[in-house]
J.: 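I'd like to ask you about the structure that follows.
Here the structure is a predicted model, which means the values were calculated and not measured. Starting from 1, each residue takes its place in the sequence as its number.
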Amino acid sequence: MRGVIGFGFGIAALAAPAFAQTAPKPPAPASLKRMLDRAPDAESALAKRYVAEGKVPGIVILVGRDEPGGGSTVSIVTEGRVADEPAAHKADIDSLWRVYSMTKPITGIAAMILVEEGKLKLDQPISDFIPAFKDMKVLVDPSKDLTTRPAKNPITVRNLLTHTAGLGYNIITKGPLLDEYNKLGINPAQVNTQMEVQMAQLRPDSLEEFANRTASLPLIAEPGTKWSYSIGLDILGRVIEVASGMPFDQFVNTRIFKPLKMEQSYWTVPADKVANFASNYVFMGATRVVADPAASSIYLKKPEFPYGGAGLVMSARDYDRFLHMLLNGGTLDGARILKPATVAVAMSNLLPAGADTSILNETAKDTGAQMGFGAGGSVYLSDVAGGPGKGTFGWGGAAGTIAWADPVHKLRAVGMINLFGDTPLKREVSKAIYADIAK
């Protein structure tokens with residue numbers, strides 16, 4: 001199961017999303033000015049095919065574009081239901097999905113709020129907030145053993161934002177260090193109730209202890225020198241709560257979700273929302289099986305601490321509001337989250353100069369663009385013909401979700417399914433969206 005999950009809590013996610021056709025029942029908020037009067041053909045066809053072929057029980061695609069004269073045009077494509085059961089809720093704009101690593105850009109923007117307020121600096125050592133990270137060690141040969149040398153550079157806020165801290169991830173890391181991560185319960189994610197029985201026994205019971213345990217382990221690379229997918233955004237959650245003086249999840253709820261009226265975004269799914277909460281699936285060979293049924297989901301139980309890298313359940317409507325705020329320069333419907341200059345920094349390439357990005361660009365090579373990395377999400381460094389524009393910022397999740405903001409096309413896109421391991425859909429959704437735009 002770990003291999004299935006690890007294929008990408010987000011890597012190379014920016015080339016696509018997923019969806020189909022049923023008008024949502026809830027009224028659109030003020031930011032969704034009007035619906036398109038035509039069906040987005042390529043997106044609809046893709047969504048119908050995915051459900052008809054049994055790849056997923058349901059899918060939602062939301063695409064928003066700002067209009068020259070003001071306002072926002074939104075198209076919503078839905079198909080199928082949130083679970084296989086015939087009586088399951090039809091997938092809609094408010095259906096709830098495990099977004100896993102799409103949590104990372106939200107954590108990144110939370111950190112940028114504190115940067116704007118002067119409570120954090122991008123190149124500030126995180127040991128100022130978590131003293132255990134002051135004297136780190138680096139593995140001499142990560143594939144061989146745990147022999148270490150002293151780190152030359154401190155881990156900074158920038159490093160956590162961009163996966164250049166030298167931290168590992170139990171879905172990516174291999175060798176002796178993986179064993180140490182597993183022994184100390186460095187597994188900040190929820191899969192299902194069965195796996196959680198074992199994982200919770202070892203996992204720390206607070207974000208503070210999680211950070212301190214991580215700091216006791218060596219790094220896989222010198223901080224600032226290599227992009228390697230990591231638990232950096234989870235550690236950043238601890239930095240945020242120390243710098244803000246507020247629990248991490250409370251900070252996100254108070255400073256992002258509440259002012260943006262993101263009312264379907266949860267660290268723990270409320271009991272009265274279960275009916276429209278998607279079940280999560282995985283393919284075992286050619287058979288799709290339920291990995292985490294909504295009715296008994298692990299997401300109905302509060303985790304030991306909030307996971308800044310993979311902890312949220314959200315609706316397409318809510319994620320769109322987050323992206324819309326970014327494209328609007330930090331404001332939406334009268335709520336100011338960030339200044340335009342801060343948003344520009346967050347969505348820019350924040351990678352340390354000279355960092356090795358070969359892994360990032362190898363996994364994203366089929367996008368046709370060089371990739372950088374910003375505040376918790378990837379950044380296109382050039383335009384793609386017939387695709388995303390330069391500066392496109394976003395990320396995807398392990399269960400097939402995808403979202404991005406494209407400043408060139410003034411476009412925001414959200415694709416929601418819950419199926420571990422579905423990378424092709426992410427690419428196909430992007431192609432379908434930009435094909436519909438071209439029409």
J.: Apply the test side-chain contact (heavy atoms from CB on, under 4.5 Å) to residues Leu350 and Phe373: give CA-CA distance (whole Å), side-chain angles for both, the deciding distance (0.1 Å), then the verdict.
T.: CA-CA 6 Å; Leu350 297 176; Phe373 218 84; over 6 Å; no

J.: I'd like to know whether Glu222 forms a salt bridge (charged side-chain N to carboxylate O under 4.0 Å, His left out) with Arg149, so could you lay out the CA-CA distance, the side-chain angles of the two residues, the decisive distance to 0.1 Å, and finally the verdict.
T.: CA-CA 10 Å; Glu222 183 69 35; Arg149 62 167 177 80; 2.9 Å; yes

J.: Could you list the residues that satisfy side chain to side chain donor-acceptor pair (under 3.5 Å) with Asp128, not counting sequence neighbours?
T.: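 With sequence neighbours excluded, Asp128 shows a side chain to side chain donor-acceptor pair (under 3.5 Å) to Gln124, given in chain and number order.
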
J.: How many angstroms lie between atom CD1 of Ile76 and atom CD1 of Ile93, to the nearest 0.5 angstrom?
T.: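 Result: 3.5 Å between the selected atoms.
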
J.: So, for Ala278 and Asn418, which heavy atoms are closest and what is the spacing to 0.1 Å?
T.: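 Nearest pair, atom of Ala278 first, then Asn418: CB-OD1, 3.9 Å.
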
J.: Could you walk me through whether Leu411 and Ile433 satisfy the side-chain contact (heavy atoms from CB on, under 4.5 Å) test, starting with their C-alpha distance in whole Å, then the side-chain angles of each, then the deciding distance to 0.1 Å, before giving a yes or no?
T.: CA-CA 10 Å; Leu411 173 149; Ile433 288 173; 3.9 Å; yes

J.: So which heavy atom on Leu219 is nearest to which on Leu167, and how close?
T.: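 Between these two residues, the closest heavy atoms are CD2-CD2, 3.8 Å.
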
J.: Pair up each side-chain donor or acceptor in residues 237-245 with any protein partner under 3.5 Å, not counting sequence neighbours, and list the distances.
T.:
residue : atom : partner : partner atom : Å
Arg238  : NH1  : Glu241  : OE2          : 2.8
Glu241  : OE1  : Phe248  : N            : 3.0
Ser244  : OG   : Ile240  : O            : 2.7
Ser244  : OG   : Met246  : N            : 3.2
Ser244  : OG   : Met246  : O            : 3.3

J.: One pair to check against side-chain contact (heavy atoms from CB on, under 4.5 Å): Asp383 and Val408. What are the steps and the verdict?
T.: CA-CA 9 Å; Asp383 292 334; Val408 171; 3.9 Å; yes

J.: Give, for atom CG of Leu338 and atom CD of Glu116, the distance between the pair rounded to the nearest 0.5 Å.
T.: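 Rounded to the nearest 0.5 Å, the CG-CD separation comes to 5.0 Å.
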
J.: Less than 4.5 Å apart, any side-chain heavy atom of Val252 and any of Phe257?
T.: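 Yes, side chains in contact.
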
J.: With a 4.5 Å heavy-atom cut-off, do Pro150 and Asp135 have their side chains touching?
T.: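 With C-beta onward as the side chain, the pair stays apart.
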
J.: Is a side-chain N or O of Ser348 found less than 3.5 angstrom from the main chain of Val345, in a donor-acceptor match?
T.: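 Yes.
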
J.: Looking only at heavy atoms, what is the nearest atom pair of Ile235 and Ala211, with distance?
T.: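 Looking at all heavy atoms of both residues, the shortest contact is CD1-CA, 3.8 Å.
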
J.: Which one of Val63, Val74, Asp406 satisfies the side-chain contact (heavy atoms from CB on, under 4.5 Å) criterion with Arg412?
T.: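 Going through the options one by one, the only one that passes is Val74.
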
J.: I'd like to know if the side chain of Asp66 pairs up with that of His324 as donor and acceptor (distance under 3.5 Å, no hydrogens or angles considered).
T.: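 Judged by distance alone, the side chains do pair up.
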
J.: Angle between ring planes, Phe420 versus Tyr100, binned at 30° and 60°: parallel, tilted or perpendicular?
T.: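 Geometry flag for Tyr100 against Phe420: tilted rings.
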
J.: Is there side-chain contact between Thr268 and Pro303, with heavy atoms separated by less than 4.5 Å?
T.: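 They are in contact (side-chain heavy atoms under 4.5 Å apart), so the answer is yes.
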
J.: Less than 4.0 Å between a side-chain N and a carboxylate O, is that true for Glu53 and Arg288?
T.: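 Not counted as a salt bridge, because no side-chain N and carboxylate O are separated by less than 4.0 Å.
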
J.: Could you give the distance from CG (Asp145) to CG (Leu139), rounded to the nearest 0.5 Å?
T.: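 With rounding to 0.5 Å, CG (Asp145) is 8.0 Å from CG (Leu139).
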
J.: Can you see which heavy atom on Thr103 is nearest to which on Ala310, and at what distance?
T.: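 That closest heavy-atom pairing would be OG1-C, 3.7 Å.
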
J.: Side chains of Leu217 and Tyr181: closer than 4.5 Å at any heavy-atom pair?
T.: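 Leu217 reaches Tyr181 side chain to side chain.
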
J.: Answer yes or no: is there a side-chain heavy-atom contact under 4.5 Å between Val138 and Pro218?
T.: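 A side-chain contact is absent here, since even the closest heavy-atom pair is not under 4.5 Å.
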
J.: Within the 3.5 Å criterion, strictly below it, is a donor on Asn253 or Trp267 matched to an acceptor on the partner's side chain?
T.: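 There is such a pair between these side chains.
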
J.: Could you measure the distance from the OG1 atom of Thr164 to the CG atom of Asn153? Nearest 0.5 Å is fine.
T.: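 Here the rounded value is 10.0 Å.
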
J.: To the nearest 0.5 Å, what is the distance between CG on Leu96 and CZ on Arg98?
T.: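 CZ of Arg98 is found 9.5 Å from CG of Leu96.
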
J.: Side chains of Ser101 and Lys104: donor-acceptor distance under 3.5 Å anywhere?
T.: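 A donor-acceptor contact under 3.5 Å links the two side chains.
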
J.: I'd like to check Glu79 versus Ser44 (side-chain heavy atoms, cut-off strictly below 4.5 Å). Are they in contact?
T.: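 Side-chain contact under 4.5 Å: no.
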
J.: With sequence neighbours excluded, what pairs up with Tyr281 under the ring-ring contact (aromatic ring centres under 6.0 Å, His included) test?
T.: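 Counting only residues at least two positions away or on another chain, Tyr281 forms no ring-ring contact (aromatic ring centres under 6.0 Å, His included).
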
J.: Calculate, to the nearest 0.5 Å, the distance between atoms OH and CG belonging to Tyr434 and Asp436 respectively.
T.: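 Output value for this atom pair is 12.0 Å.
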
J.: Less than 4.0 Å between a side-chain N and a carboxylate O, is that true for Glu263 and Lys261?
T.: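 No, no charged N to carboxylate O under 4.0 Å.
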
J.: Is it true that Arg213 and Glu180 make a salt bridge, defined as a side-chain N closer than 4.0 Å to a carboxylate O?
T.: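 No.
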
J.: Is there a donor-acceptor pair under 3.5 Å between the side chain of Ser127 and the backbone N or O of Ile130?
T.: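 Side chain of Ser127 to backbone of Ile130: no pair is present.
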
J.: Has the side chain of Ser95 got a donor or acceptor atom that lies under 3.5 Å from a matching backbone atom of Asp92?
T.: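 Yes; at least one donor-acceptor contact below 3.5 Å.
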
J.: Do we get Lys390 above Tyr380's six-membered ring, with its NZ or CZ under 6.0 Å from the centre and within 45° of the axis?
T.: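 Pair Lys390/Tyr380 does not count as cation-pi.
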
J.: Surrounding CD of Gln194 (heavy atoms of other residues, nucleotides or ligands, distance under 6.0 Å), is the total greater than 12?
T.: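 Check passes, neighbour count above 12.
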
J.: Within the side chain of Thr392, is there an N or O that forms a donor-acceptor pair under 3.5 Å with the backbone of Pro388?
T.: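 No; judged by distance alone, with no hydrogens or angles, the pair does not exist.
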
J.: Quick one: does Asn328's side chain have a donor or acceptor within less than 3.5 Å of a partner on Gly330's backbone?
T.: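 A pair under 3.5 Å: no.
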
J.: Output yes when Glu428 and Arg49 qualify as a salt bridge under the 4.0 Å nitrogen-oxygen rule, no when they do not.
T.: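 Arg49 and Glu428: salt-bridged.
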
J.: On a heavy-atom basis, which atom in Ala91 and which in Trp97 lie closest, and how many Å separate them?
T.: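 Ala91 and Trp97 have their closest heavy atoms at CB-CZ2, 4.3 Å.
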
J.: Indicate yes or no: at least one non-hydrogen side-chain atom of Met347 is less than 4.5 angstrom from one of Val379.
T.: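 No, every pair of side-chain atoms sits at 4.5 Å or beyond.
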
J.: Check for a donor-acceptor pair, side chain of Asn192 on one end and backbone N or O of Ala291 on the other, with a separation under 3.5 Å.
T.: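 Looks like yes, one N/O pair under 3.5 Å.
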
J.: Do Asn159 and Thr156 meet the criterion of a side-chain donor-acceptor pair at a distance under 3.5 Å?
T.: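 Side chains of Asn159 and Thr156: pair found under 3.5 Å.
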
J.: Look at the aromatic rings of Phe277 and Tyr299 and report parallel, tilted or perpendicular, splitting at 30° and 60°.
T.: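 It falls in the perpendicular class, over 60°.
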
J.: Between Asp356 (side chain) and Thr225 (backbone), is there a donor-acceptor pair under 3.5 Å?
T.: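 No: the side chain of Asp356 does not pair with the backbone of Thr225.
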
J.: With under 30° as parallel and over 60° as perpendicular, where do the rings of Trp395 and Tyr229 fit, or are they tilted in between?
T.: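 Correct class here is tilted.
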
J.: Closest heavy-atom contact between Glu43 and Ala432?
T.: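 Smallest interatomic distance, heavy atoms only, reads N-CB, 3.9 Å.
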
J.: Would you indicate whether the side-chain heavy atoms of Met112 and Leu122 approach each other to under 4.5 Å?
T.: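 Yes, at least one pair of side-chain atoms sits under 4.5 Å.
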
J.: Does Ser315 reach the main-chain N or O of Asp318 with its side chain, forming a donor-acceptor pair under 3.5 Å?
T.: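 Yes; judged by distance alone, with no hydrogens or angles, the pair exists.
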
J.: State whether the side chain of Asp205 and the backbone N or O of Glu304 hold a donor-acceptor pair below 3.5 Å, judged by distance alone.
T.: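 Not a single qualifying donor-acceptor pair exists.
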
J.: List the steps, then state whether side-chain contact (heavy atoms from CB on, under 4.5 Å) holds for Ile106 with Phe322.
T.: CA-CA 8 Å; Ile106 292 174; Phe322 172 70; 3.8 Å; yes

J.: State whether the side chain of His163 and the backbone N or O of Ser230 hold a donor-acceptor pair below 3.5 Å, judged by distance alone.
T.: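 Checking the backbone N and O of Ser230 against the side chain of His163, a donor-acceptor pair under 3.5 Å is found.
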
